[in-house]
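See structure below.
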Amino acid sequence: MKDQYNRRINYMRISITDLCNLRCLYCMPEEGVCKKNHEEMLTFEEITKVAKIAAELGIEKIRITGGEPLVKKGIVEFIGSLSKINGIKDIAMTTNGVLLKKYAKDLMEAGLKRVNISIDSLRPEKYAEITRGGNVYDVLDGIQEAIKLGMAPVKLNIVVIGGYNEDEVVDFANLTKDDDVEIRFIELMPIGQAGSWAKEKFISNETIKQRIGNLIPLPHQPSSPAKYYKLPNGKGKIGFINPISSHFCGECNRIRMTSDGKLKPCLHSNQEIDIIDIVRNNLPQLREVMKQAILAKPQQHYLYTEGFELGQRNMSEIGG
């Protein structure tokens, strides 16, 4: 299906929980989010029902997000149910990697193709500071397990925060010298916990590129929000996702659904379409409402423009 700006929408990001085992500075309050009642959240069966309709509308790729999806009981069986949907060709997951070593093999056997792993520092003390208590070695073990299993390409997502981790960008880039991984630097966005300080701590990806230096441009992949480069003789790739300095809205091919049953046509818009009652009561208009959500996608986001209102949800509530 195409939206009103002729963009083919074939990718759906589905958050299955707003809970997480970390408390990253830009994502979640230190005390965590208020735990919702079970009846306020979509069940795995209900999410699968939505995914089937999405596939009928042309969705071919699903990415499971959170919060942290691996804290959710029954995650392996859920991935298995998604993999059986006709039309779904690719199932991926964004995770903080803390529990990945434990679950990676079972997830892959259930149908998970790839993982994006969020890791904002390679230094134990700094990682613990940014995540408020995380152990970076757990994540590194998960990364190595994903590489060993061949969940290619393994992508590492790094949100660069001024005063915290901008001095590690070369260290991250150098990981691509010997391993076939994709390092992706993501500009800090003014969402949720970072809404009041993102502008102050913002480091543009252009600055990061200059700091790394000696980058060889690679052909652009229209389906990817990242612009890719490589180091001379490097095995992996280095990507830059620029939602602030150079947005990629013209090529956006995705729609989102939150764990509490809200369709979000755009990450950076407060517009949400509540479908939980429609799904729960098996109402026939689910297909039409999903079509309307795709058609409601704005032409672009308006971050930092006049009149823009910051979203009230934390990133953990929307889905990374």
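- The pair Arg123-Asp167 meets the salt-bridge criterion, since a charged nitrogen lies less than 4.0 angstrom from a carboxylate oxygen.
- The salt bridge (Lys or Arg N to Asp or Glu O under 4.0 Å) test applied to Lys61 returns no partner, not counting sequence neighbours.
- No side-chain heavy atom of Gln271 sits less than 4.5 Å from a side-chain heavy atom of Cys266.
- Annotation for Lys291: atom NZ does not count as buried by contact number, only 12 or fewer foreign heavy atoms lying within 6.0 Å.
- Using a 4.5 Å cut-off between side-chain heavy atoms of Ile, Leu, Val, Met, Phe, Trp and Tyr, with links allowed through other members, Ile203 and Tyr229 fall into the same hydrophobic cluster.
- With hydrogens and angles disregarded, a donor-acceptor distance shorter than 3.5 Å links the side chain of Asp274 to the backbone of Ile276.
- With respect to Asp260 and Lys36, a salt bridge is recorded, a charged nitrogen being found less than 4.0 Å from a carboxylate O.
- Checking Thr131 against Arg23 by side-chain atom types alone, no donor-acceptor pair falls below 3.5 Å.
- In this structure, Ile273 and Gln292 have side chains that are not in contact, with every pair of non-hydrogen atoms separated by 4.5 Å or more.
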Report task. Would you please test Lys237 and Glu182 for salt bridge (charged side-chain N to carboxylate O under 4.0 Å, His left out) and show each step? Result -> CA-CA 5 Å; Lys237 298 192 292 187; Glu182 294 185 13; 3.6 Å; yes
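- Leu99 and Ile147 fall within the same hydrophobic cluster, where Ile, Leu, Val, Met, Phe, Trp and Tyr residues are linked whenever their side-chain heavy atoms come under 4.5 Å apart, directly or through other members.
- Both Met12 and Ile275 are members of a single hydrophobic cluster when ILVMFWY side chains are connected at heavy-atom separations under 4.5 Å.
- More than 12 heavy atoms of other shown residues, nucleotides or ligands fall within 6.0 angstrom of atom NZ in Lys230.
- For the 3.5 Å distance criterion, the side chains of Ser121 and Glu168 qualify, holding a donor opposite an acceptor.
- One finds the CG atom of Leu42 at 9.5 Å from the CD1 atom of Ile14 (value rounded to the nearest 0.5 Å).
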**Report entry** Stepwise side chain to side chain contact (heavy atoms under 4.5 Å, CB included) check, Leu215 with Leu231
**Finding:** CA-CA 5 Å; Leu215 289 169; Leu231 293 173; 3.9 Å; yes
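- Counting only distance, with no hydrogens or angles, the side chain of Ser83 and the backbone of Ala110 share a donor-acceptor pair below 3.5 Å.
- A cation-pi arrangement is found for Lys209 relative to Phe240, the charged atom lying closer than 6.0 Å to the ring centre and inside a 45° cone about the ring normal.
- Classification of the Phe78-Phe44 ring pair by plane angle, with boundaries at 30° and 60°, yields parallel.
- No donor-acceptor distance shorter than 3.5 angstrom exists from the side chain of Asn281 to the backbone of Leu283, with no hydrogens or angles considered.
- A distance-only check finds no donor-acceptor pair linking the side chain of Asn37 to the backbone of Glu39 [under 3.5 Å].
- Hydrophobic clustering, with ILVMFWY side chains joined whenever heavy atoms are under 4.5 angstrom apart, keeps Ile216 apart from Ile212.
- Counting only distance, with no hydrogens or angles, the side chain of Asp3 and the backbone of Asn6 share a donor-acceptor pair below 3.5 Å.
- Here the CD1-CG distance, from Ile143 to Leu156, works out to 4.5 Å after rounding to the nearest 0.5 Å.
- No salt bridge links Glu45 with Lys49; every basic N to acidic carboxylate O contact stays at or beyond 4.0 Å.
- Checking Asn10 against Asn253 by side-chain atom types alone, a donor-acceptor pair falls below 3.5 Å.
- At least one side-chain heavy atom of Asp18 sits under 4.5 Å from a side-chain heavy atom of Met41.
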Report task. Please step through side chain to side chain contact (heavy atoms under 4.5 Å, CB included) for the pair Leu22 and Arg132, ending with a clear verdict. Result -> CA-CA 7 Å; Leu22 298 178; Arg132 297 189 179 107; over 6 Å; no
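- To the nearest 0.5 Å, atom CD of residue Glu272 and atom NZ of residue Lys262 are 6.5 Å apart.
- The line from CD1 of Ile158 to CD1 of Ile241 is 9.5 Å long, rounded to the nearest 0.5 Å.
- Side-chain atoms of Arg7 come within 3.5 Å of backbone atoms of Gln299 as a donor-acceptor pair (strictly under, hydrogens ignored).
- With a 4.5 Å cut-off on side-chain heavy atoms, Ile85 and Thr48 count as touching.
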Report task. Give the C-alpha distance, both sets of side-chain angles, the deciding distance and a yes or no for salt bridge (charged side-chain N to carboxylate O under 4.0 Å, His left out) between Arg114 and Asp90. Result -> CA-CA 8 Å; Arg114 298 174 293 101; Asp90 187 27; 2.5 Å; yes
